[in-house]
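One structure is given below, encoded as structure tokens.
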Amino acid sequence: MTYVFPPAPIPSVPIKGSRQLFAVNRIYCVGQNYGDHVREMGGDPKASPPVFFSKPANSVVTENQNVNYALATDNLHYEVELVVALGTGGSNIAFEEAMACVYGYAVGIDLTRRDLQNAAKQDGKPWDIAKGFDKSAPISAITPCGVEKQLGNARITLSLNGETKQDSSLNEMIWSVAEIIAELSRFFELKAGDLLFTGTPSGVSGVKVGDHIEAEIAGVGEIAFSMVEK
Ligand code: MN
């Protein structure tokens with residue numbers, strides 16, 4: 001058997017210190033997972049559990065490549081996030097077993113068409129066009145975590161044109177990595193190759209063509225790229 005046209009390339013992410021690649025299966029994302037960001041968006045952190053949404057696997061942007069300003073928005077926002085890379089998966093994973101699924105960590109940017117997201121929220125519509133667009137998931141190389149999988153209170157930061165905009169700690173996350181894996185696996189069979197974007201702290205704002213974004217999670221990785229024309 002052959003294909004009617006050549007299959008798309010397998011989306012993949014470099015691994016720090018290795019020539020091997022991490023083949024991306026699915027990208028799941030958590031919304032509203034830092035109390036300060038929930039408040040800045042006008043919500044109450046304790047009112048409801050985090051929401052899950054997803055992005056296509058081929059929305060990753062690697063190797064610090066520049067990112068085209070997205071089509072069909074006038075309010076494209078950055079959101080710096082811890083990204084969890086899974087090496088194994090399953091369904092209905094117990095909280096106690098969840099960390100065994102973690103292969104490594106990266107820092108990623110959940111690019112968001114905020115104008116379309118706000119309209120979707122208002123109208124009770126899906127978030128797909130606000131979150132799952134082309135090049136919406138810039139990501140650093142993945143750092144394998146070995147046996148030490150707890151990141152503790154590692155600092156997570158993002159700067160825009162050299163000015164710090166987001167500066168928080170991973171221990172500000174409302175739901176922990178293990179809780180996210182356990183909860184997500186109630187709804188989806190998680191697989192090796194899945195990436196989990198785990199939510200952003202406060203300080204999100206819009207970008208424009210020509211802006212330069214740098215982000216880092218201490219001990220995990222760093223990413224830097226510029227926004228270029230559509
Ligand atoms: Mn996000």
Side-chain angles (χ1 to χ4, degrees), residues 13 24 26-45 47-61 67 69-70 73 75-86 105-121 125-140 142 151 154-160 165-177 179-181 183-184 187-188 194-207 211 213-217 220-221 223 225 227:
V13 179
V24 181
R26 291 192 188 182
I27 303 175
Y28 298 101
C29 306
V30 181
Q32 304 168 7
N33 199 30
Y34 286 75
D36 52 358
H37 176 61
V38 174
R39 283 187 289 274
E40 82 174 345
M41 301 307 288
D44 173 354
S48 57
V51 292
F52 293 121
F53 59 93
S54 63
K55 292 174 183 271
N58 68 1
S59 64
V60 291
V61 181
V67 177
Y69 195 95
T73 181
N75 196 13
L76 184 66
H77 275 207
Y78 56 77
E79 298 186 352
V80 64
E81 311 203 353
L82 170 69
V83 182
V84 183
L86 298 191
Y105 296 108
V107 55
I109 312 295
D110 168 16
L111 287 174
T112 301
R113 289 162 162 157
R114 192 71 71 202
D115 42 2
L116 301 190
Q117 187 196 29
N118 289 340
K121 282 181 177 175
K125 289 179 176 170
W127 287 11
D128 296 53
I129 61 171
K131 290 289 196 177
F133 50 92
D134 299 334
K135 299 192 175 186
S136 61
I139 185 171
S140 72
I142 292 168
L151 295 170
R155 190 176 179 195
I156 177 170
T157 57
L158 179 142
S159 70
L160 179 66
K165 294 287 193 179
Q166 295 188 276
D167 188 351
S168 189
S169 164
L170 296 183
N171 63 10
E172 296 293 323
M173 288 167 64
I174 297 169
W175 280 26
S176 69
V177 170
E179 287 171 323
I180 290 167
I181 292 170
E183 179 70 7
L184 194 57
F187 303 99
F188 303 98
D194 288 344
L195 296 175
L196 317 180
F197 280 64
T198 58
T200 198
S202 66
V204 302
S205 68
V207 297
D211 280 351
I213 291 173
E214 294 186 14
E216 180 178 10
I217 298 175
V220 168
I223 183 172
F225 60 94
M227 301 302 306

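Ligands are counted one by one from 1 in listed order, and the atoms in each one are counted from 1 as well. Keep in mind that the numbers below use all heavy atoms, side chains included, and drop hydrogens, waters and symmetry copies.
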For this session: Would you please name every residue forming a side-chain hydrogen bond (donor to acceptor under 3.5 Å, both in side chains) with Tyr28, sequence neighbours left out?
Result: Arg26
For this session: Go through the steps to decide whether Ile217 and Tyr105 satisfy the test side-chain contact (heavy atoms from CB on, under 4.5 Å), and finish with yes or no.
Result: CA-CA 10 Å; Ile217 298 175; Tyr105 296 108; over 6 Å; no
Exercise. Got a donor-acceptor contact below 3.5 angstrom from the Gln166 side chain to the Pro201 backbone?
Worked result: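 Present.
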Exercise. How many angstroms lie between atom CG of Asn118 and atom OG1 of Thr112, to the nearest 0.5 angstrom?
Worked result: 10.0 Å
Exercise. Atom OG1 of Thr73 and atom CZ of Phe133: how far apart are they, to the nearest 0.5 Å?
Worked result: 7.5 Å
Problem set entry | Neighbouring protein N, O or S atoms of the Mn ion (ligand 1), below 2.8 Å | 3
For this session: Compare all side-chain heavy atoms of Ile109 with those of Val80 and state whether any distance is below 4.5 angstrom.
Result: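 Yes - at least one pair of side-chain heavy atoms lies under 4.5 Å apart.
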